[in-house]
Amino acid sequence: MSDAVKQFEEAFASWLGADRAFAFWKGRVALYAILKAMGVGEGDEVILPGYTCVMDVNPVKYLGARTVFVDIEPATYNLDVRLLEEKITPRTKVIIAQHTYGYPCEMDGILEISDRRGIPVIEDCCLALGSTYKGKRCGTFGVASYWSFQWNKPFTTGIGGMVTTHDADLGERIASLCEAECVRPPTGVALMLSLQRLVYRTTIFPKTTAFATAAFRWLTRKGAVVGSSATCEFVPQMPPDFFMRMSRGQARAGLSQLRKVDRNIAHRREMKHVYDRLLRQAGWEVPDIPEYMDPVLVRYPVRAADKARAVQEAAKHLVELGTWFECPLHPIETPMEQYGYREGMCPVAEQACREVVNLPTHRRANESTARRSVDFVAQIGPPAATGPAVPSP
Ligand SMILES: Cc1ncc(COP(=O)(O)O)c(C=O)c1O
């Protein structure tokens, strides 16, 4: 393993306050490493929120386990603790607590059930770098956590992922697994990704994102660039060479991003306040999040009356509008039945999929970006009736 990768792992573990970290090619690979090291396999059940990305579900399926989906609560989009226990069976092996958009999960409730029923919690921190719950960082509650550094995430190494853990045994098992089974990224692919990071740094701004994303997806389909997800990742069968470590170039980019992480987090916190204020001024009802949650939002979610129209018109208004999550297992093309999801399983999540769009909070967005975005969303309007705005304690 390269020195840069080792340095990034150590720096990330130290930033979080974890004992160990392991860097991978993508966040989904990090989840796979944790599940495999925990011995998840055929016949086991893994609980996830029914409002996630299919790439998050794939590692469970690759290992032959069954996915069990819990509906979300409507203010933070995180799994509804009141519905969690009824999903637990003698086969439940793991609960995945995804901190959606950066809103922390209701950790006290989840950990109480986890302790009482003896089921470990893995935290999905891919969208929640820097968020805290009762003063403690997301990523420090569960037996292990995983992180993503893909383009849309709190900071980017192009693509990339990390496992963090406090559990010495689990750490040893992940280390052995990496040693025995992990492959290294091919040089050509790693170099191409470096080039893409350069293009990203110099050309992507809120006004250009929609056009750049369309071009990037087209180039990905043509196989001309390193895409975030290959076509073969939209089905629940593991592609060859999936279990891949991080490249040196990704790690160097990660180290550079980590040096700026405090400014990144402060900026995202500030952008949340700006959006809260502007949306309130526009007559919007802003979710009332408990004071003990301090979210650092990767994107600012907002419910719109006509999501399809918003998505269609955003680029024309130079608004960087995100669509996650388009369906309970984003994106909309996911063959959901192959993943064990049936329509109606998670009605609150399904409603969120119909209504929620998201706005940029990253460092290239500022008050004027927020104003343009809110003016645009305000002109679409809020849905007629949204669910209760206060999450359950
Ligand atoms: C909540 C969540 N977890 C995990 C992942 C997977 O991360 P990566 O793309 O780095 O594999 C994603 C999607 O990209 C996600 O949205």
Side-chain angles (χ1 to χ4, degrees), residues 12 22-35 46-62 67 69-70 72 76-79 94-105 122-129 131 138-139 142 144-164 185 193 196-197 213 216-217 220 226-230 232-234 236 238-239 241-247 250 253-254 257 295-299 301 322-334 339 349 352-353 356 358:
F12 195 82
F22 301 88
F24 294 95
W25 182 240
K26 296 179 182 178
R28 65 200 76 170
V29 185
L31 172 60
Y32 177 84
I34 303 172
L35 294 174
V46 174
I47 295 183
L48 301 128
Y51 189 66
T52 188
C53 167
V54 68
M55 299 308 155
D56 209 26
V57 187
N58 270 333
V60 179
K61 302 297 285 180
Y62 294 167
T67 42
F69 299 103
V70 187
I72 58 168
T76 63
Y77 308 96
N78 287 326
L79 67 79
V94 175
I95 298 165
I96 298 185
Q98 169 188 297
H99 305 293
T100 313
Y101 298 117
Y103 287 118
C105 288
I122 298 175
E123 290 177 78
D124 177 344
C125 296
C126 293
L127 312 177
L129 188 98
S131 299
C138 288
S145 304
Y146 62 104
W147 311 77
S148 169
F149 311 122
Q150 185 258 359
W151 304 109
N152 293 321
K153 301 303 190 298
F155 74 61
T156 188
T157 58
I159 51 182
M162 188 76 86
V163 170
T164 50
L193 190 60
Q196 288 172 222
R197 279 193 301 272
T213 306
F216 180 63
R217 290 202 177 132
T220 302
V226 184
S228 302
S229 300
C232 60
E233 290 183 89
F234 290 92
M238 188 159 119
D241 292 344
F242 171 79
F243 194 29
M244 195 143 82
R245 276 294 227 164
M246 182 173 269
S247 70
Q250 285 169 294
Q257 295 290 319
V296 175
L297 297 182
V298 67
R299 308 276 308 178
T323 61
W324 337 318
F325 294 96
E326 293 165 358
C327 71
L329 313 181
H330 182 97
I332 199 77
E333 293 84 10
T334 303
Y339 289 90
C353 295
V356 175
N358 60 67

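Remember, it's 1-based here, ligands and their atoms both numbered in the order they're listed. Just so it is clear, the structure is predicted and the values come from calculations on it, not from any experiment.
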How does Q98 reach ligand 1, by side chain, by backbone, by both or by neither, if only non-hydrogen atoms under 4.0 Å count?
-> side chain
Nearest protein heavy atom to atom 16 (O) of ligand 1, by residue and atom, and its distance?
-> C53 CB, 3.6 Å
Any donor-acceptor N/O pair, N78 side chain to A97 backbone, under 3.5 Å = no
Number the atoms of ligand 1 from 1 as they appear, then name those within less than 4.0 Å of a heavy atom of G160, with their elements.
-> 10 (O)
Interatomic distance, H330 atom NE2 to C353 atom SG [nearest 0.5 angstrom] | 9.5 Å
Rounded to the nearest 0.5 angstrom, the OG-CD1 distance for S148 and I159 is 9.0 Å
Does even one non-hydrogen atom of K153 get within less than 4.0 Å of ligand 1?
-> yes
Among all protein heavy atoms, pick out the one at the shortest distance from atom 5 (C) of ligand 1; state its residue, atom name and that distance to 0.1 Å.
-> C126 SG, 4.1 Å
Do any N/O atoms on G27 end up under 3.5 angstrom from N/O atoms on ligand 1?
-> yes
Should you measure from each heavy atom of D56, which atoms of ligand 1 turn up under 4.0 Å away?
-> 3 (N), 4 (C)
To the nearest 0.1 Å, how far is atom 1 (C) of ligand 1 from its closest protein heavy atom, and which atom is that?
-> D124 OD2, 3.3 Å
Worked check of side chain to side chain contact (heavy atoms under 4.5 Å, CB included) between I122 and L35 | CA-CA 9 Å; I122 298 175; L35 294 174; 3.7 Å; yes
Would you check the N or O atoms of S148, main chain and side chain alike, for any that come under 3.5 Å of an N or O of ligand 1?
-> yes
Ignoring hydrogens and angles, tell me if any N or O in the side chain of S131 forms a donor-acceptor pair with the backbone of C138 under 3.5 Å.
-> no
Side chain E123, main chain G139, donor-acceptor under 3.5 Å | yes
Do S145 side-chain atoms and T164 backbone N/O form a donor-acceptor pair below 3.5 Å?
-> no
Given K26, M162, R28, which has its nearest heavy atom closest to atom 9 (O) of ligand 1?
-> R28
